[in-house]
Q: 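First the structure, which I've put down as structure tokens, then a few questions once you've had a look.
One-based numbering along the sequence shown.
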Amino acid sequence: MSTLSDLRSLLVEPGKDFDLKDRPTQLDLSGDPSKEALEAELATLREQIGDIQDLLFTRREQALLVVLQGMDSAGKDSTTKAVFTGVNPLGIHAASFSVPTPLERHHDFLWRVHAQVPPLGCIGVFNRSHYEEPVIRRVHGEIKNGEMKRYLRQIADFEQMLAESGTAIVKCFLHISRDEQRERLQERVDNPLKHWKFDPSDLQEREFWTDYQVAYSQALQATSTADAPWHVVPADRKPVRNLLVARLVLEALKNRKAPPPSPKPELAGLKVR
């Protein structure tokens, strides 16, 4: 039986062989906590994340980038909402990457991504990310394996540069099963309130499921580093997914936590009239 505190089990070990098929999409949790218990703990974690984020914003010396990647309907939107609701919006910078515009196509593939990296003092969330470009192009045969490796090397160099410049990186692959994806896509079809989420292209991409698993396995193995490790988060059960991501975010923030800024001597004894 697993526990929610065992975050090491989610890690993609840098430099070691990796295959997504070896990772579970659902945890068999010790004690089988209820949805209410999971959400109560998540609320506590959100409060702690908010407190540390306030310090981060005050000092403006470090940043945190959270990368959420996964198959269609893995829950990138809802995870962002669940983990960061209540955090000071001044210190949150969320970005989503869809099909590149003509202008973006005229630059290297990381150009538009670098522009969305959070400034020092903020938490940035990438809902989809720079991993879309090499993975999708590889799955659809637009690039060969050698070019895929070049993309991944450039990504690793880019993330190392960010880490060396004060931006910690938490990368979470939200791992769902094919059956779970089918149920979630069907729900979008059946529920008029979720029609806005449905894109017919999701059904087309679903036909490439196995190819995506292979391409993502390659990408995660090649780019899980000491500075920017990947974590594979079982995402079939939404409350568990949200709690695990919140734990990873809080752990990263605690590792970057700094003391409050020193008081300004010139303000000592000042009386506002």
Side-chain angles (χ1 to χ4, degrees), residues 10 12 16-26 67-80 95-102 104-105 108-110 112-113 125-156 158-159 171-191 194-224 228 230-238 241 245:
L10 308 180
V12 177
K16 293 188 177 180
D17 291 341
F18 171 77
D19 196 319
L20 273 173
K21 70 174 184 294
D22 298 327
R23 294 298 181 94
T25 59
Q26 182 167 309
V67 176
L68 299 179
Q69 195 65 51
M71 298 292 288
D72 293 325
S73 78
K76 297 174 284 292
D77 290 341
S78 53
T79 299
T80 301
S96 182
F97 300 95
S98 56
V99 178
T101 66
E104 291 167 345
R105 280 292 185 199
D108 67 272
F109 79 105
L110 290 172
R112 65 172 181 162
V113 177
V125 183
F126 280 3
N127 177 339
R128 300 183 183 271
S129 68
H130 39 299
Y131 287 89
E132 298 272 304
E133 177 90 1
V135 168
I136 292 175
R137 295 193 69 191
R138 180 70 180 118
V139 166
H140 289 282
E142 296 176 13
I143 59 174
K144 295 184 178 180
N145 194 50
E147 192 170 0
M148 172 79 159
K149 290 180 178 179
R150 177 175 63 80
Y151 270 104
L152 298 178
R153 175 179 53 79
Q154 291 172 347
I155 286 175
F158 170 67
E159 291 176 346
K171 298 186 296 190
C172 300
F173 187 85
L174 308 182
H175 192 30
I176 62 171
S177 65
R178 197 167 191 271
D179 287 343
E180 180 65 21
Q181 187 196 56
R182 178 187 55 78
E183 292 183 10
R184 293 183 187 182
L185 292 177
Q186 189 63 54
E187 184 180 7
R188 292 179 182 181
V189 172
D190 295 340
N191 185 348
K194 294 189 176 183
H195 283 180
W196 67 274
K197 286 187 173 184
F198 181 74
D199 187 331
S201 67
D202 292 345
L203 301 183
Q204 299 169 10
E205 295 303 307
R206 180 171 160 79
E207 298 302 315
F208 295 92
W209 179 275
T210 300
D211 295 326
Y212 271 109
Q213 299 298 299
V214 171
Y216 272 125
S217 294
Q218 180 182 357
L220 269 60
Q221 177 178 322
T223 60
S224 190
W230 273 105
H231 293 83
V232 179
V233 177
D236 278 0
R237 189 177 178 189
K238 297 176 185 178
R241 173 201 68 202
V245 172

Q: Among side-chain atoms of His175 and Gln69, is any donor-acceptor pair under 3.5 angstrom?
A: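 No, no side-chain donor-acceptor pair sits under 3.5 Å.
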Q: Quick test of your reading of the model: are Arg128 and Asp72 salt-bridged, counting only N-O distances below 4.0 Å?
A: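 Salt bridge: yes.
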Q: Kindly determine whether Val233 and Thr79 satisfy side-chain contact (heavy atoms from CB on, under 4.5 Å), including the steps that lead there.
A: CA-CA 11 Å; Val233 177; Thr79 299; over 6 Å; no
Q: Is the closest side-chain heavy-atom distance between Pro234 and Ile176 below 4.5 Å?
A: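 They are not in contact (no side-chain heavy atoms under 4.5 Å apart), so the answer is no.
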Q: Answer yes or no: is there a side-chain heavy-atom contact under 4.5 Å between Met71 and Gln213?
A: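 Met71 reaches Gln213 side chain to side chain.
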Q: Taking all atoms of both residues into account, what is the closest heavy-atom pair of Phe198 and Leu185, and its distance?
A: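 Reported closest heavy-atom pair: CD1-O, 4.4 Å.
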Q: Check whether any side-chain heavy atom of Val214 lies under 4.5 Å from a side-chain heavy atom of Val139, and answer yes or no.
A: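 Heavy-atom side-chain distance check fails, nothing below 4.5 Å.
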Q: Quick one: do the Asp199 and Ser201 side chains pair a donor with an acceptor below 3.5 Å?
A: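 The answer is yes; a qualifying pair exists.
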Q: Look up atom CH2 in Trp209 and atom OG in Ser177, then write down how far apart they are to the nearest 0.5 Å.
A: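 Those atoms lie 6.5 Å apart.
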Q: Would you say the side-chain atoms of Glu180 and Gln26 include a donor-acceptor pair closer than 3.5 Å?
A: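 Judged by distance alone, the side chains do not pair up.
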Q: Nearest 0.5 Å, please: how far is CD in Glu207 from CG in Asp202?
A: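 Asp202 CG to Glu207 CD: 12.0 Å, rounded to 0.5 Å.
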Q: Where do Ser73 and Arg188 land on the side-chain contact (heavy atoms from CB on, under 4.5 Å) test, with the steps shown first?
A: CA-CA 10 Å; Ser73 78; Arg188 292 179 182 181; 3.6 Å; yes
Q: List for me each residue that meets side chain to side chain donor-acceptor pair (under 3.5 Å) alongside Lys21, sequence neighbours excluded, and say none if there are none.
A: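 Scan of Lys21 (side chain to side chain donor-acceptor pair (under 3.5 Å), adjacent residues dropped) gives Asp19.
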Q: Can you give the donor-acceptor pairs under 3.5 Å from side chains of residues 145-153 to other protein atoms, not counting sequence neighbours?
A:
unit_1, atom_1, unit_2, atom_2, d
Asn145, OD1, Gln218, NE2, 3.0
Glu147, OE2, Arg150, NH2, 3.0
Tyr151, OH, Arg137, NH1, 2.7

Q: Report the distance from atom NZ of Lys194 to atom CH2 of Trp196, rounding to the nearest 0.5 Å.
A: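 CH2 of Trp196 is found 9.5 Å from NZ of Lys194.
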Q: Can you tell me how far CG of Leu203 sits from CZ of Arg206, rounded to the nearest 0.5 angstrom?
A: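 Taking CZ in Arg206 and CG in Leu203, the distance rounds to 8.0 Å.
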Q: Can you name the nearest heavy-atom pair linking Ile155 to Pro134, along with the distance?
A: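 Scanning both residues, the minimum pair turns out to be CD1-CG, 4.1 Å.
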Q: Rounded to the nearest 0.5 Å, how far apart are CG of Leu220 and NE2 of His231?
A: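 Rounded to the nearest 0.5 Å, the CG-NE2 separation comes out at 11.0 Å.
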Q: With side-chain contact (heavy atoms from CB on, under 4.5 Å) as the test, would you mind laying out the steps for Lys171 and Glu159 before giving the verdict?
A: CA-CA 11 Å; Lys171 298 186 296 190; Glu159 291 176 346; 2.8 Å; yes
Q: Partners of Thr223 by side chain to side chain donor-acceptor pair (under 3.5 Å), sequence neighbours excluded?
A: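 Partners of Thr223 by the side chain to side chain donor-acceptor pair (under 3.5 Å) criterion, ordered by chain and then number, come out as Tyr131, Trp230.
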Q: Decide yes or no on side-chain contact (heavy atoms from CB on, under 4.5 Å) for Val67 and Cys172, but give the supporting numbers first.
A: CA-CA 6 Å; Val67 176; Cys172 300; over 6 Å; no
Q: Restricting to non-hydrogen atoms, name the atom on Val232 and the atom on Arg23 that form the minimum distance, rounded to 0.1 Å.
A: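 That would be CB-NH1, 3.8 Å.
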Q: Tell me, do Lys238 and Arg241 make a side-chain contact under 4.5 Å, heavy atoms counted?
A: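 They are in contact (side-chain heavy atoms under 4.5 Å apart), so the answer is yes.
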Q: Going from OG1 on Thr25 to CZ on Arg237, what distance comes out if it is rounded to the nearest 0.5 angstrom?
A: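 Going from OG1 on Thr25 over to CZ on Arg237, the span is 13.0 Å.
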Q: Identify, with sequence neighbours excluded, every residue that meets salt bridge (charged side-chain N to carboxylate O under 4.0 Å, His left out) alongside Arg105.
A: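 For Arg105 the salt bridge (charged side-chain N to carboxylate O under 4.0 Å, His left out) partners, ignoring immediate neighbours, are Glu133.
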Q: Could you tell me if the side chain of Gln154 sits less than 4.5 Å from the side chain of Phe109, heavy atoms only?
A: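 A side-chain contact exists here, since the closest heavy-atom pair is under 4.5 Å.
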Q: Within the supplied structure, the quantity of interest is the number of heavy atoms (other residues, nucleotides, ligands) at a distance under 6.0 Å from Asp22 CG; does it exceed 12?
A: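 Counting other residues, nucleotides and ligands, CG of Asp22 exceeds 12 neighbours.
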Q: Under 6.0 Å between ring centres, would you say that holds for His130 and Phe158?
A: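 When the ring centroids of His130 and Phe158 are compared, they turn out to be within the sub-6.0 Å range.
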Q: Can you check whether Tyr212 reaches Val135 side chain to side chain, under 4.5 Å on heavy atoms?
A: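 Touching, per the 4.5 Å side-chain cut-off.
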Q: Tell me every residue that passes side chain to side chain donor-acceptor pair (under 3.5 Å) with Arg178, counting only those two or more places apart in sequence or in another chain.
A: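 By the side chain to side chain donor-acceptor pair (under 3.5 Å) rule, Arg178 matches no residue at all.
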Q: List the residues meeting side chain to side chain donor-acceptor pair (under 3.5 Å) with Asn127, not counting sequence neighbours, and say none if there are none.
A: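 Asn127 satisfies side chain to side chain donor-acceptor pair (under 3.5 Å) with Asp77 only.
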Q: Would you name the heavy atoms of Ala74 and Arg184 that are closest together and state the gap between them?
A: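 Between these two residues, the closest heavy atoms are O-NH1, 3.3 Å.
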Q: Could you tell me if the side chain of Phe173 sits less than 4.5 Å from the side chain of Leu20, heavy atoms only?
A: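 They are in side-chain contact.
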